[in-house]
Number of protein chains: 2
Amino acid sequence: MSPARPTSAPAATPAAQRAHATIHDVARVAGVSVASVSRVFNGRDHVRAEMRTRVEEAAAQLGYVPHAGARSLSMARTGAIGVVLPDLHGEFFSELLRGMDREASTRRLGLLLTVLHDGRGLDTLTALRGQVDGLVVMAPELDPDVLARHMPRGLAAVFLACAPQVGSPNLRIDNRAGAAAAVTHLAAGGAKRIVHISGPAGNLDAQERRAGAEAAAAEAGVALSVIEGDFLEASGTKVGERVAAGTLAADAIFAANDMMAIGALMALKRHGIAVPEQVAVAGFDDIPLARLVSPALTSVAIDIAAMGARAVAQLAARIAGTREESSGDASTGADEVIVPHLMVRETTRETDRG
Amino acid sequence: MSPARPTSAPAATPAAQRAHATIHDVARVAGVSVASVSRVFNGRDHVRAEMRTRVEEAAAQLGYVPHAGARSLSMARTGAIGVVLPDLHGEFFSELLRGMDREASTRRLGLLLTVLHDGRGLDTLTALRGQVDGLVVMAPELDPDVLARHMPRGLAAVFLACAPQVGSPNLRIDNRAGAAAAVTHLAAGGAKRIVHISGPAGNLDAQERRAGAEAAAAEAGVALSVIEGDFLEASGTKVGERVAAGTLAADAIFAANDMMAIGALMALKRHGIAVPEQVAVAGFDDIPLARLVSPALTSVAIDIAAMGARAVAQLAARIAGTREESSGDASTGADEVIVPHLMVRETTRETDRG
DNA sequence: GCGGTTTCTGTAAGCGGTTACAAGCCCGCG
DNA sequence: CGCGGGCTTGTAACCGCTTACAGAAACCGC
């Protein structure tokens, strides 16, 4: 059974101080009923002023704090939302969480973090039922069917940069447009042979960025070759070294994220290749680091914090929605697209000099 | 098999699909008692194989998932720990969370994030009772008394880089030793007039780093002047510009964190000051960015992820402890000190050339 | 001073699980 | 055949809180 409170002799024992006071203890000390205590703690209902002070005094004396778990069980509302993220790295995630927290804390919601270590952890999702009111899920690497199968049904959810899900709104980045903007910009700067360092093949963002880059290159009539990377700095470094060594012909590199771009940039610099004069470089994400490397990295910028905030806001709306109208209307909350914009810095030329 | 016991037409209603199945539904469909369902879901108890399959089939058919909230109420155990952090920025926090998650997920614990926006949010701490099993608190800026007053009593807690708390273990960084190492290194490199950009006066880490720097400077017999910063890049920039302009005499700058150091570094570079030849620069924290700026920043390194992991590990131990021995022994878990080490890179000279 | 409101307050039934305890079953043994 | 004892299983009492409902008290106009 549960922590065996000594039902008999509840008052005297000094050790009983350890255990937390419950609403019953407060009621007993104040000489009122538990309903009344609950009422004064939750405000709104009619309670006489005298009773209110009596209860408040008793509560203060006992150091009473309501038990969130019990409350959420009886109200069917936890006040927390689950955040499901892939294995987190770097500024992207702190910005995302920052944005989510900003929105969540104004709504007095907690954030319960769940990290997916490449698939492991999916089974914990269903265990979230009763612990959160809804879910923000970001799982760009996951098969939508697999994901759908693991979603606890009946829980509101918003997907972030995932493959399209049925019945739940999705927040996505317009990766195609962003990548296209970068490639178009490189071409306008005189690039003829662009190398694109892509993300892992299974990653949806990576696929879209690649497609956008290819489309824009075709449009601009420049050559584009693709080398698959893994979003980590090292894979950018490798490409940078090949370009520096001359085994890979390129006058511009467009990486699918900033860390790879920076890897390439550092490798080029190390080998004395002038950036952007000999080889231009552009990245994607515009992490804070991008403007601090030198030369400062041109990148496709996404307001990551805003994205996180939007996701939480949408989820909160959905939660409120399913709450008031019992007919859980899945169609609310259309997909929302975040349009990135290009931040031109020093690793690319603004105009054609080639 | 289950002889379609028509107790009260549980199957038909399509709307009932919406609501989640409870343990009672499973029990009814399987034709057993709730206790048995509970037993098969929690394993260990004696249950006959046939009953087990009956229950499992019923559960699968209904899509039953246990309700974490209800379970935690009756078991007095939530499986989550609260993480209380100051307003989060940059890589420091993603690394910290990463380390915490690593430890927490191996222990099958969730992380409930609470961000303190300079003091606001403190009142939500007590509301965590019943929602988490323990707390990891990082609040370097907070008065220990204020903090103590807001801690929900009876909840295990571990403090991270806080002013000493009574009765709870504290994980702290040996800021003094780290700062001293940096200053000693600068002096060994030939610096005679070091400027220390400190953190905000109210911040404990900042105070300790400053003290360590001052002690080491006295020891080495070099001048050290202190300018108060705020841990943000801009305050470093300001100092860098003054040094470049000649209105502040210095041949070395030691900043209390990396972002300020980078701000100073960038300002110096912008004004054509040679680093480290004319002015050496060192920071504190060794954020991933430190090695990516150029010249790469010398910094005092802390294994942030490991620190987060240790905090969670300690907390888990305390939770387990208070659980088995009801006499909540507050003395378990002595303070633990994390010793940082110096990462020498390009912004300082290894040996005296001055 | 009385019925009818209106305002308070208390009782008790949940919320969805866990688990102590007791009862039922089946077995072997004397 | 009666009985003690090990396995299974069910009943019901919690965990700590909210809240529908009903009873009590106070207030109104007549």
Side-chain angles (χ1 to χ4, degrees), chain A residues 1-8 10 19-28 30-55 59 62 64-79 126-131 133 152 154-155 323, chain B residues 19-28 30-55 59 62-79 126-131 133 152 154-155 323:
Chain A
M1 178 69 51
S2 342
R5 188 189 319 266
T7 41
S8 53
H20 238 103
T22 74
I23 198 172
H24 288 97
D25 299 325
V26 178
R28 185 166 31 72
V32 302
S33 75
V34 292
S36 297
V37 177
S38 177
R39 289 195 188 95
V40 338
F41 266 82
N42 297 303
R44 57 178 152 21
D45 239 337
H46 319 280
V47 285
R48 244 187 350 190
E50 189 230 326
M51 144 99 82
R52 158 158 292 131
T53 64
R54 271 246 297 275
V55 169
L62 292 169
Y64 170 71
V65 175
H67 188 285
R71 180 189 226 123
S72 71
L73 180 57
S74 84
M75 298 203 302
R77 174 68 152 80
T78 67
T126 52
L128 257 34
R129 171 169 108 91
Q131 206 165 25
D133 294 330
L155 215 49
R323 183 146 295 280
Chain B
H20 238 103
T22 75
I23 198 171
H24 289 95
D25 299 326
V26 178
R28 184 165 30 73
V32 302
S33 76
V34 292
S36 296
V37 177
S38 178
R39 289 193 188 98
V40 337
F41 266 82
N42 296 302
R44 61 180 151 16
D45 240 339
H46 318 279
V47 286
R48 244 186 351 189
E50 190 230 327
M51 146 98 82
R52 171 173 312 268
T53 63
R54 270 247 296 275
V55 169
L62 292 168
Y64 170 69
V65 175
H67 188 285
R71 179 188 228 122
S72 72
L73 179 58
S74 87
M75 298 205 299
R77 174 71 153 75
T78 67
T126 53
L128 256 35
R129 172 170 108 90
Q131 206 164 24
D133 294 329
L155 215 49
R323 183 148 295 280

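Convention: sequence-line order gives letters A, B, ...; per-chain numbering from 1.
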When we call it a touch if two heavy atoms are under 4.0 Å apart, what does A:V37 touch: a base, just sugar-phosphate, or nothing?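 Nothing, no nucleic acid heavy atom in range.
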
What is the nucleic acid contact for B:V65, judged by heavy atoms within less than 4.0 Å: base, sugar-phosphate only, or nothing?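 Sugar-phosphate, no base atom in range.
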
With the side chain counted from C-beta on, respond yes when A:S36 and A:V47 share a heavy-atom pair under 4.5 Å apart, and no when they do not.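 A:S36 vs A:V47: side chains apart.
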
Is the shortest side-chain heavy-atom distance between B:D133 and B:R77 below 4.5 Å?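 With C-beta onward as the side chain, the pair touches.
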
5'-most by nearest nucleotide on DNA chain D - B:A70 or B:S36: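 It is B:S36, whose closest nucleotide lies nearer the 5' terminus.
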
Want to settle it: does A:A35 or B:V47 sit nearer the 5' end of DNA chain D, counting the closest nucleotide to each?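 Result of the comparison: B:V47.
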
In whole angstrom, give the distance that lies between atom [atom1] of [X] and atom [atom2] of [N].
| X | N | atom1 | atom2 | answer |
| --- | --- | --- | --- | --- |
| B:H24 | C:dC15 | NE2 | P | 9 Å |
| A:H46 | C:dT9 | NE2 | P | 11 Å |
| A:L73 | D:dC17 | CG | P | 12 Å |
| B:F41 | C:dG17 | CZ | C1' | 12 Å |
| B:M51 | C:dC25 | CE | P | 14 Å |
| B:R77 | C:dT18 | CZ | P | 14 Å |
| A:E50 | C:dT9 | CD | C1' | 12 Å |
| A:R71 | D:dG16 | CZ | C1' | 11 Å |

How long is the span from the [atom1] atom in [X] to the [atom2] atom in [Y], to the nearest 0.5 Å?
| X | Y | atom1 | atom2 | answer |
| --- | --- | --- | --- | --- |
| A:R39 | A:R52 | CZ | CZ | 11.5 Å |
| B:R71 | B:N42 | CZ | CG | 4.5 Å |
| A:L155 | A:R129 | CG | CZ | 9.0 Å |

Any side-chain N or O of [X] less than 4.0 Å from the OP1 or OP2 oxygen of [N]?
| X | N | value |
| --- | --- | --- |
| A:R48 | C:dT9 | yes |
| A:R39 | C:dT9 | no |
| A:S38 | D:dC17 | no |
| A:T22 | D:dG16 | no |
| A:S33 | C:dT11 | no |

Nearest to the side chain of A:S74, which nucleotide is it out of C:dG16, D:dG16, D:dT11?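 Of the options given, the side chain of A:S74 lies nearest D:dG16.
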
Record whether the side chain of B:R129 comes under 3.5 Å of the base of D:dG16 through a donor-acceptor pair of N or O atoms.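 There is none.
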
